[in-house]
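What follows is a short report on a single structure.
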Amino acid sequence: MSDLREQRLKLIEEIRKEGRNPYPYRFEKDMKVEEIKEKYNNISDGELLENDVFKFAGRVMSIRKHGKSAFIVLKDDTGRIQAYIRKDKVADGKFDEFKKYMDIGDWVGIEGFPFKTHTGELTLLILDFEILSKALRPLPEKWHGLKDKEVKYRQRYVDMIANDDSLKTFVIRFKAIRYIREFLNSKGFIEVETPTLHPILGGANARPFVTHLNVYDTDMYLRIAPELYLKRLVVGGMEKIYEIGKNFRNEGVSYKHNPEFTMIELYQAYADYTDMMKITEDVLSYVVEKIHGTTKINYQGVEIDFKPPFKRVKMRDFIKEHLNVDILEDPDDKLVEVLEKNGVEIQVADKGHYIDELWSLVEDKIVQPTFVLEHPVEISPLAKRHREDPRVTERFELIIYGREMANAFSELNDPVDQLNRFKKQVELKEKGDEEAQMMDLDFIRALEYGLPPTGGLGIGIDRFVMFLTNAETIRDVIAYPIVKPMKFEDEEKLIESDE
């Protein structure tokens, strides 16, 4: 690689000596690949549209030279297209310039017109070209055969260049976020912002990242959820709000977990968890259909249908059906017995943890979008007690393909009940539960000013995009997932050493 890099550095100097800039300031691009193909795909084989001259720009992905002509493949963020340059169709000296200076990986702007080859491939005939950015590094030849996937996560920019599907994944990701906003805005929701640095941990049960604020000489936490701040806005009078943003949980990395992840949380005054079910069904099906043209997708060989209404099951009934234990009626000893029988190592002696562990044993049995309802109070410190059974809460989790996709409540707005739930969390933390929530007296104070009946919902964006793009792991849908730190020189060797 170093030899090729040196060669390209010399070419750049030669270009500059000839009075040209290998890194010009701008280029007027008229159309993208998808627009060109949509407009011209139906022209006849051999047909040349010499009057349809326009400008196009992209990265050179391949070059095939044939004496006084050459074919190149150009790529932009919508696809690839073939271009053709011939010595007698460009200005004097221009073809020699192409042969001398053009390399795979360079960004190039061209002017030309479309035609179809006799084999039926839509192609752009080049009348003029300009190098827009000379690439010093050649594209790695072995990229598609990499065994060490860490390389593509560390050098995502190369992955996106070499792998069209990777680029497409991120285009879909950002379109999906746009469509979520589009849907919620159309329903009267307002997008808001809340802090990322929190003085008190809250909104979910998770281990935090801790940092230090020098100006006040105090520790702060990267947020694990925006929930408590969003509900303060509802107390303040905002009735339909949402936030899309990063959350941080200092936990493990797996195919469905990344310590930094993206969520949307929304809150609607005068609503409850049944309203949140409706919004969940509608927004997810809306986005899936906008992306794929249908509510049905194929994920890892399984057809999943996002068409509403989604199936509904009670957590108690589902666990009882598969493990023959009643989480509401059976004593703790029976719950522990079932866990031990299934090889679960109990970390914290608490009924809420027993229930969480039991649920983890059966969660993967759900494939199609399913609302799991009525979580026990012990594992739902921020949800309102069920109006018919105070042992459980008005809460649901949306499970798809064995994964939690969404979590929603009829929000707890009783300050006395909330204070008691926080006290229970503090007790758990004192017992060694690092994921338990803290006491947030300011939030209690906010509730004492009055939170109207409110429905709240959180949806994991990354996991949703996994379904939209048929991604096997969450790391494939996060542009820059967390990777183990490595020295630059060791990263340089990764591709070459991958055999």
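Positions are given from 1, in the same order as the sequence printed here.
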Cation-pi between R156 and F170: NZ/CZ under 6.0 Å from ring centre and within 45° of the ring axis?
-> no
Which atom names give the shortest non-hydrogen contact between I224 and A204, and what distance separates them?
-> CD1-O, 3.2 Å
Geometric cation-pi criterion, R232 with Y229: 6.0 Å, 45° = yes
At what distance, to the nearest 0.5 angstrom, does CD of E35 lie from OG1 of T78?
-> 7.0 Å
Whether F95 and F98 hold their rings parallel, tilted or perpendicular, with breakpoints at 30° and 60° | parallel
Between Y270 and Q268, is any side-chain donor less than 3.5 angstrom from a side-chain acceptor?
-> no
Heavy atoms of other groups near K256 NZ, more than 12 under 6.0 Å = yes
Check: R173 side chain, V465 main-chain N or O, donor-acceptor pair, under 3.5 Å = no
Compile the donor-acceptor pairs under 3.5 Å between side chains in residues 473-486 and protein atoms, sequence neighbours left out, one pair per line.
unit_1 : atom_1 : unit_2 : atom_2 : d
T473   : OG1    : R475   : N      : 3.3
R475   : NH1    : E150   : OE2    : 2.9
R475   : NH2    : E150   : OE2    : 3.2
R475   : NH2    : I482   : O      : 2.7
D476   : OD1    : K152   : NZ     : 3.3
D476   : OD1    : Y153   : OH     : 2.9

How would you list all residue pairs meeting ring pair (Phe, Tyr, Trp, His ring centres under 6.0 Å) that involve residues 27-52, not counting sequence neighbours?
-> none
Hey, could you give me the OG1/CD1 distance between T262 and I459, rounded to the nearest 0.5 Å?
-> 13.0 Å
Which word best sums up how the rings of F71 and H66 line up, parallel for under 30°, tilted for 30 to 60°, or perpendicular for over 60°?
-> perpendicular
